[in-house]
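What follows is one structure encoded as C-alpha cells, with my remarks underneath.
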Amino acid sequence: MTTQDLTAVEAGAAGNPAAPAPGARQVWRRLRAQRAAVAGTAVIALLVLVALAAPLLSAIEGQNTTAYHPELVDSASGGVPLGSFGGISGDHWLGVEPGTGRDMFSRLVHGAQISLAVALGATLVQILVGVGTGLAAGLGNRFVDNLLSRVTDVMITMPALVFAIALMAVVPDSFPRPLLLALIIGFVAWGSISKLVRAQVLSLKSLDYVAASRLAGSGTWRIARRELLPSLVAPVITYAALLIPANMVIESGLSFLGIGVKPPTPSWGQMLSSANTWYEADPAYVLLPAAMLFISVLAFTVLADGIRTALDPRAASRLRIGTGRKREEAAS
Amino acid sequence: MIRFLLRRTVSAAVVLLVLAVVLYAVFYLAPGDPAQLSCGPKCSPAQLVQIREQMGLNDSVYVQFWHFLQGIVTGHDYSTGTGTVHCSAPCFGQSYRTGELVSDILVAKLPATASLAIGAMVLWLLLGIGTGVLSALRRGRPTERLLTGLTLAGTATPVFIIGILLLMLFCSVLQWLPYPSYVPFTDDPQQWAWNLLLPWLALALVESAKYARLTRSSMLETLAEDHIRTFRAYGVSERAIIGRHALRAALTPVIALSALDLGTMFGGALLTESLFNVPGLGQKLVQSVELKDLPVVVGIVLVMGFAVVIANAAADVLYALADRRVVLA
Amino acid sequence: GPKDSGGAKASTDAKPAKGGTLYVLNNQAQEDFDPARLYTSGGGNVPSLVYRTLTTRTRANGAEGSKVAADLATNTGEPSKDATVWTYHLKDGLKYEDGSPITTADIKYGIERAFAAELSGGAPYLRDWLIGGAAYQGPYKDKNGLASVETPDARTIVFHLNKPEGEFPFLATQTSFAPVPKAKDTGTKYAEHPVSSGPYKVIKNENNGEHLVLERNPNWSEATDDQRKAYPDSIDVQSGLDQAVINQRLSTGTGKDAAAVTTDTNLGPAELAKVNGDKALASRVGTGHFGYTDYIAFNPKVKPFDNPKVRQAIAYAVNRTTVVNAVGGSSLADQATTYLPEQASFGYTPYDPFPAGKTGDPVKAKQVLAEAGYPNGITVSLTHDVTKADEQGPEVATAVQDALKAAGITVKLDGQEHKAFSEKIHNVSTEPGFFLTGWGADWPSGGPFLGPIFDGRQIVKDGSNFNNAQLDDPAVNKEIDEINKLTDLKAAAVRWGALDKKIGEQAVTVPLFHPVYKRLFGKDIKNVVISDWTGVLDISQVSVK
Amino acid sequence: MSAATDSAVDPAATAGLAEPLVEVRDLVIDFPTASGTVRAVDGLSFRLEAGGALGIVGESGSGKSATAYALLDLHRGTGARTGGTVRVAGTDVLGADDTELRRLRGGRAAMVFQDPLSSLDPYYAIGDQIAEVYRVHVKATRRAARERAVQVLDRVGIPDAARRSRARPHEFSGGMRQRALIAMALACEPRLLIADEPTTALDVTVQAQILDLLHELRAETGMGLLLVTHDLGVVAGSVDDVLVMRNGTAVERGAVSAVLDDPREPYTRALLAAVPQVDAARPVVLVKQRTGDERKAAVEAPLLEAVGLRREFGKRQDTVTAVDGVSLTVRRGETLGIVGESGSGKTTLGRMLVRLLDPTAGELRYDGRDIGKLGDKALRPLRRELQMVFQDPVSSLNPRRSIGESIADPLRAAGELSDKAVVERVRELLERVGLEPDWYHRYPHEFSGGQRQRVGIARALAPAPKLIVCDEPVSALDVTTQAQVVALLGELQRDLGLSLVFIAHDLAVVRQVSDRVAVMRAGKIVEEGPADAVYDSPQHAYTKGLLAAVPVLDPVESAVRRASRKGLAEV
Ligand SMILES: Nc1ncnc2c1ncn2[C@@H]1O[C@H](COP(=O)(O)OP(=O)(O)OP(=O)(O)O)[C@@H](O)[C@H]1O
Ligand SMILES: Nc1ncnc2c1ncn2[C@@H]1O[C@H](COP(=O)(O)OP(=O)(O)OP(=O)(O)O)[C@@H](O)[C@H]1O
Ligand SMILES: [Mg+2]
Ligand SMILES: [Mg+2]
C-alpha cells in the first residue's frame, strides 16, 4: 500500500554487490552533480534547522504553541479565524488555528520536530532490526532462515498502519509518544528491509570472495563483518533514504487517524486531520500543514533518488551497447 | 504446480496463524473488558458477570483462542436465547460490541472495499503504465522531465493530502462532484461510480506514480538489454520494439506488483476509506481497534492477510505465466 | 437558555401532508435495534416509529416537549401512595403489524428480555428498581418470569418497585417497555425483523442497522396514538455516513436529499461558518437542547484534590470562553456554571459559587491556591479522551490547560484512548483525580441527572461507577430519597434545583458548558419539531409533502 | 532470386559489381563518458569484396565490436559519436536516414552476437522472433513468415525445426541458440553476415560446429562474412583475410595465411606467441626437476585422494548429479589438469576438493585422513593448507576492501603474526606474484583482470598452502595475459613445491601446465593419464572429439580438420 513496496523494488536494483564500490568522495561528487538532489538536501537542511530552532523561532515571533486566543476567532461562527487567510498578522505570521486561536507558525515549526524525529528514529530502528534479522536469516541454518522468513512475511503482510494502531493502544500512556511512534513504526515496518538484506546476503554468499574468506579460515561472524556488511552499506543506505519519507508518511497517517502524538504537541498529520473539515471555511488551515508535509517528503524522496543514482554503479556509464559484460570489466 | 500450491497453502496457513496469535496476544494485553464493551456504559456488576459467562470470557486465553480456531475450521453454534444460529465454517466469532457475526460484517464491508480497490487499480494501472511508457519513449526530452517531476511529486504526497486537495478542488471550489458518500453498486451503478470517483482518483494518483516509475525503469532496463539490440540490428522499428518487446518485459513486474497491491488494499486502504467515508473493511478495522472489538479486528486482519497471501501467490503465478523461465516451486 | 428552540420559521408555515418518502441520513448505525438492547432517552427517534411503549415523550417544540405522555397506556401511570407500585391499563384496539392484539403479557415479556445476558445493553433502571431485578436472568434462562411485574389481565400491568420512584412514568418511555410477542421472539435475531407496534414496520434491516427501510404499518391506528404524526409513507434510514457528508448533502439538498433529515449529526464548527453567511441555509437549521452538561470532575480521594481549595482554585481559573471555542464556539455550546441544564423540567436554578467570569479569574484562583498552601503554584495532571472533536477530547483539555497556566497551575495532559479513558474514569480503583467528563439525563428531570452522579449509594465498587466525586453525603442521599417519592414533578424539580446548588458549592465538579445542537434539514421538510427532551428533530412529526 | 531482393529495390544491384560489399574509410568512434571521451576506433579503413570473408582480431578493448556495430550504425541514438564513411552493400550507413538504415539492417546485412542467451527475447518463441524480423523486410503473411522461420531453422541444423520453432530461447542449449541467431540472420538472405565473437561463449566442440556451419553457408549462398574474434585459431579456419586491431587502429592486414605464418608486426607476433597450442607438449622450463626419491615418495603418499566422490544438487525429482563418483589422486608437487566442457562438473569437483562444498557421498582423504565429512570447526586448521584460485577476477575480490587486506585475511585469521608482520608478508607476496608492494592499499577496481588474478594467487599463497585448486584461473583473460598468469603459476609451483589442480575447458592451456590430465564429462572422469599420453593418443572417443574440435592456427590444417569432422559426422 505504501511506498515500501516501491522502495523494495527500486532498492533491489541498487544492489549489485559485485560491482565496484564508488568511494564516499565519488558518491558525494555524483550527488552534487544532481541539481534536484542538491535542492532536496538544502530543503532538508533548512527543515532540520527549523526543527532544532523551533522554540527560538516561536520566541522571535513572540508566540507559543499552546496559548489560546479567543479574541482572534469568531466564536459564533464555529471559531473561524478573524481576518484573511487564516488571520495572518504581524503577531501571527501564518495566522491562527480555528476554534482555539493558537498560533499556526509556532505549531508548524514545532510539528517539524515531531515529523523529523519520528521518521529518523523509526528508520534507525528499521535498519537495526532489518539488517539484524536479514543477516541472521541469510547466514543462519535452514531452521533459522525459515523461522525468520515467516516472521518477516507476517510483518510484510500486516499493513504497518494496522499494527501500529493496535500497538499504540496497548502501550501505557506514560510512555513518551514520539519515541513510541518511532519504535512502533520501526518495529512494524522492518519486513522489507530484512527481506532485501537477506536476498543480498544470499547473493553475496555465493560470490567467490566469500568462499575465499572461508578458505582463509574466517568464521561466520567474521565473514559477515568483513565481507558482507561493507557491501550491504550501499543498498541499505539507498533503502534507508527511501524509508525516511515513507516513515514520515506513516507518522502523519497515524496522526491523521488521531493516534499519533498527543495534544498539545503539534504534528502536521494531526493538524491535517482537524483541518479536514475546514477546507471551505479556512483553507489556510489545510494548506499550511499539507505544504509542509509535502515539501518535506518530497525533499527526502528527491534526496533518496539522488543517493540511489549516486550509489548506482551503472549510473557512471549510462551508455550501453555492445558486449555489456566485458565493458564493465574494462571500465573498472 | 500442485506442489507449489500445497507449499503455498501450508506457508499461508502458518503466516495467518502467527498473525492471529500475535493479534490475540496484543489485544489480550490491551486494557479493556469485552464484557463491558458488550454491556454498554451503565452496566451493573451482576450483569457483567452474566455476560462474561455468556461470552465464554471466563475461560483462559488459550481456551478462548482454541475455540476461535475451532470456529474457523468447523464453524460454531451461537445461542440466540430462543434458539441457535449456526455460524458456518470460516467463523470468526461474534462482535463483542454488537453481537453480530464477524463473517456477516466481513461480507457486508467487502463490497465497498473491493469497489475502491479494483476501481483504483484499473485507474492506477492505466495512468501509471501510460505515464511510464511515455516517459521511457520520450527519454531525455522535456516531456520526460515533466513526467518525472510529476511522478516524483506523486510518490511524495501522502494519500490524505491528495484526497483533501481533491475534495477542496472538486467539491468546494469547482463544485463538480458531490462530497462522496458510498452507494452500493447494486443500488445504483452510476451513483456508485460517481461517488467513488474521487477516492479512486486519490488512490490512483498516489499509486500510479509508483507504477509509472516502475514501468519506466524496467522499460529502460529492458531497452538496454542485449535482445533489444538484436531487434534493432534487424531493422525492427523502435515503436515495435517498445510495444512488443520492451513493454512485455516491463509489464511483468508491474502486473506482479499490482497483484500485491490489490491484496493489500483488500484489507482496506485505511486512510482513503476514512477520508472519503467509504464504509469498507479498513474503516471498520480502525473503529474496531479503537473499541477493542477483538473478534472483528482479528477477522478483518485475517481476511487482509489472506488476501495478501493469495495476492503473493497470484503474483508468483503471473510472473511464471509471463516469464516461462521461472519455475514454480 | 433555550429561548430559540425549535424549527426555523420558514418550514412551520406550510401545512404538512401525508405521503412521500423521508430520508434520514445518519452517522451512527442503528446497531442496537432490539428493544431490550436499546438505551435511548424517551424511546429513541427511529425506534419509536416501530416500538410503542407504555408512555412516551410529548412530541412538541421546546420545553413542552419535555413532558411525559401516555402511549399504549391510557394514562402516564397510577402510583401507589408511596410511589412503589405503578399500575397501567392499555388503550383499546392496539394491534401489532400482523393485526394481532397487543397484551400486557407481551409488555412484561419485553421487560424480561431486557434482563437476558444474550441481549446485553439497555438501561440499568429496571434492574435497580424492580423487586428481584438484580438477580433475574431473563426469560431464556429463567422460565418463571419476573414476579414483580404482574399482569392480572391482558390490559393491566402492575410494577412493584423496591423503593419509591415518582419518575416511573419517565422510565416507561424506554423501549424495554415495548411489547414483544413471545411467539415471535427470535432472540438475538429479533432486531432483524421486530414486530411493530408503531406507525411503521421494518421492511429492511441491512448490516445491523446500517440501512433501515420502514413502511407504513396498516394496523397502526391514529386513533390510539395522539403523539406520532406519521406523515411520510415510508422512511429510509441510511447510516454510516460521514458527518461532513451529511451536512454537505443536506445543504445542497439535490434530489432525494431535499426530503432528508438527520437525527444524529450536528452542524460542525467549520460548517457553521458557512451557514452563518447564507440566509437561505440558515432558515433550514433547527436548534435543539438536550439535558447534558460537560464538566471537570475531581476524585477527592486523590491528592491534591482532597483539598477543596485546590478544586475551588481550578473553578476560578477556568476560562469558559476558550473551552466553548474549543468545541465549536458559542453557537454550539452555552457556558455553564450550574450542574443542571438550563431547563425548567430539570429544575434549573442559576448559581455560580466560584465566579470566574467569561474568561476566568486567575488572580482569585492564585489567591485561593495560596490559601490551599500552594503559593508557588502546583502541577497536576488532567486526564482526557484522545478522540478528536470529542467534548472530553484534547481540544477542551488544552483549553483548560492554557487557562490554568495563568493561575499558576501547571497542567500535564494525560490523554487516554477512548475505551481506556472511559474504563479508567468509571472504575473507582483507577479513577484519576482530575478529568473531563459529562453527563446526560435519561429523561428531562433532575433525578437521573443528580442521582447517578451524587448519590452515595450508587458508588459502584466493582463495575461502572458514575459517582466520580465518590460523594457519599447522608444529607444529599436523604434529599434524593425524599424527592424520588414525589409524584408531583413540578414540586420535585424545584427541590432538584436546590440540591444542585447545594452540591455545587462543594466544588466536586466544575461545570463547563451545555452543548447546543444545530441541525440542518432538507428543503422539502415541513413540520419541524425539536423538543428539549431529545434536542433532535423528531421524525415522527415531519412531513415531506 | 530470393524474396528479399525481389521485393526491395537494391541499389547495390544496379550499381554494378565494382563496388565492394563493405567499404570503411577513416572510421572514428568516440564514447563520451563521465571521465572523458573514449576513442574506441581511430581512423580505421578496410574493404570487403562481395562474397569474401574478413576476420577482425585483436585483444579485448581494441575496438573490434565498436567497428562491427558501426557497419550497421548501431551506435545511432546511444550517444556515441561516429565519423568517417561506412558503405555497406551500397548504402552510406552513417549518412542514411532511419528508414534506409532499417532496410539495410537485417535485410542486406545481418548480425550475429556473442552471447546467444541474451540476444533473443526470452518471452517469445524463437520461430516468432525470426518471423517478426522476416516480416520487417519482406511483405509476407504471418504464416508465410513462420514457414520461412522453420525453413531457416531447419537449414542451420535444428532438428525437428517445425516443433522446436515454438520453443522459447531458454529451452535451447547454447549452441542451438547460436544456430537460431544465425537462422535469423539468414532469413532475409543478406549479402553480408557480421558475426561478433559468435563462438566465444561456447564449448570447443560446439564452436567447431558453428564455425563449420558458417563456412558451409558461405559456400552455399555466396554471402560475405565479417568475423570478429579475439581467437586467432577461429580466424585461421574461417576467413580469407584478416585485420589485426590494436587500440582502435589496424596494425596489420593481409591474407590469413600470410599474417599467421609470417606476421610482420611485433604485436601480431606477440598475439600469436601467446596462443597456447594443444599439440605442443609442456614447455620444459616449467617441469620441476625431481630426484628419484622425491618421485617415489610422491607416488607412495598421495597428498589428496578422492574416492567415489559424488555431489548432488536439488531435492527429489529435481536432483542434478554434478559430480558422479569421481576418484582421483593428487601427489605432492604435481599438477593435475582437469578438462571438460561447460557443465561437466569441474567447478563442483574443485570446490569439493578444498571443502567449500560438502560431498554427498564418497571419501576425500587429505594426508591419509578423511576430511570429507568434517564440520566447519574441525576444518578450520586445515583451511590454510588447501587453497583455491577462482575463475572470475571480478567476483573473487571484495570490491569494498583493499587488496592488501584481502590477502592478509588468512594471516589474520590464523592470528599468529603481529600486525606489522602481516603487512610485511603481504608486501612480499605481492612482489612474489609480480605486483608492486605499495599497491597494498589499492582497491580491486584499480586493477586489470590479469593483475587481479595475480592478487587472487597471492591470497591463495598467503597461508603457505600445500595444494591450490585453480578453477579456470585464466579463462576470463585475453591470450597475452593468459600466458603470463600461466607462467606465474608454473613458476610458483616449481619454487614452492606446491601441488596444483588446474581446471580449465581450454585443452591447450591444460596441456601447458599439467603433469597428468583428467577428462571430465557429465560428472564422470572418462579418461585420465599423463598429459602427453592423453593428448597424443586419446583412448576415449569423447577425448578424441574434443581434440579434433580445437581450432588450429594453420589455415591448411584447419581445412583438413574441418573435412575430417565432416567425415566423422557423416559416418
Ligand atoms: N558504451 C561505451 N561507453 C564507453 N566506452 C565504451 C563503450 N563501448 C565501448 N567502449 C570502449 O571502447 C573500446 C572498444 O570497445 P569494443 O567493445 O569495441 O572492444 P572489443 O575489441 O570488442 O573488446 P572485447 O574483445 O572485449 O569485446 C573499449 O575501450 C571500451 O571500453
Ligand atoms: N549450486 C548448484 N545448484 C544446482 N545445480 C548446480 C549447482 N552448482 C552446479 N550445478 C549443476 O551441476 C552441474 C555441474 O556444474 P559445474 O559448475 O561444476 O560445471 P563446470 O564443469 O564447472 O562448468 P563451467 O565450465 O560452465 O564452469 C551443472 O549442470 C550445473 O548446472
Ligand atoms: Mg567485443
Ligand atoms: Mg566452472
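All figures in this text were calculated on a predicted structure; none of them were measured in a lab. Order of the sequence lines sets the chain letters (A, B, ...), proteins ahead of strands, with each chain counted from 1.
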Could you walk me through whether D:Val354 and A:Leu215 pass the side-chain contact (heavy atoms from CB on, under 4.5 Å) test, one step at a time?
CA-CA 8 Å; D:Val354 294; A:Leu215 282 181; 4.1 Å; yes
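Looking only at distances, no side-chain donor or acceptor of A:Glu227 sits under 3.5 Å from a matching main-chain atom of D:Asn398.
Residues D:Arg459 and A:Ala212 approach most closely at CZ-CB, 3.2 Å, considering heavy atoms. A:Ala216 approaches D:Ala413 most closely through the heavy-atom pair O-CB, 3.3 Å. Considering every non-hydrogen atom in both A:Gly217 and D:Arg380, the closest pair reads O-CD, 3.0 Å.
Remark: A:Lys195 engages A:Asp153 in a salt bridge (charged side-chain N to carboxylate O under 4.0 Å, His left out) (not counting sequence neighbours).
For D:Leu386, the part lying near chain A is the backbone, with the side chain staying farther off; criterion is any non-hydrogen pair under 4.5 Å. Proximity to chain A is absent for every atom of D:Asp471, based on heavy atoms less than 4.5 angstrom apart.
Salt-bridge check for A:Arg214 with D:Asp409: failed, with every basic side-chain N at 4.0 Å or more from each acidic carboxylate O.
Rounding to the nearest 0.5 angstrom, the gap separating the CG atom in D:Leu356 from the CG atom in A:Asp208 is 9.0 Å. With rounding to the nearest 0.5 angstrom, the OG atom of A:Ser213 is 6.5 Å from the CZ atom of D:Arg401.
Looking only at side-chain heavy atoms (C-beta outward), A:Tyr209 and D:Pro399 come within less than 4.5 Å of each other. When side chains are defined from C-beta on, A:Arg226 counts as touching D:Arg412, because their heavy atoms get closer than 4.5 Å.
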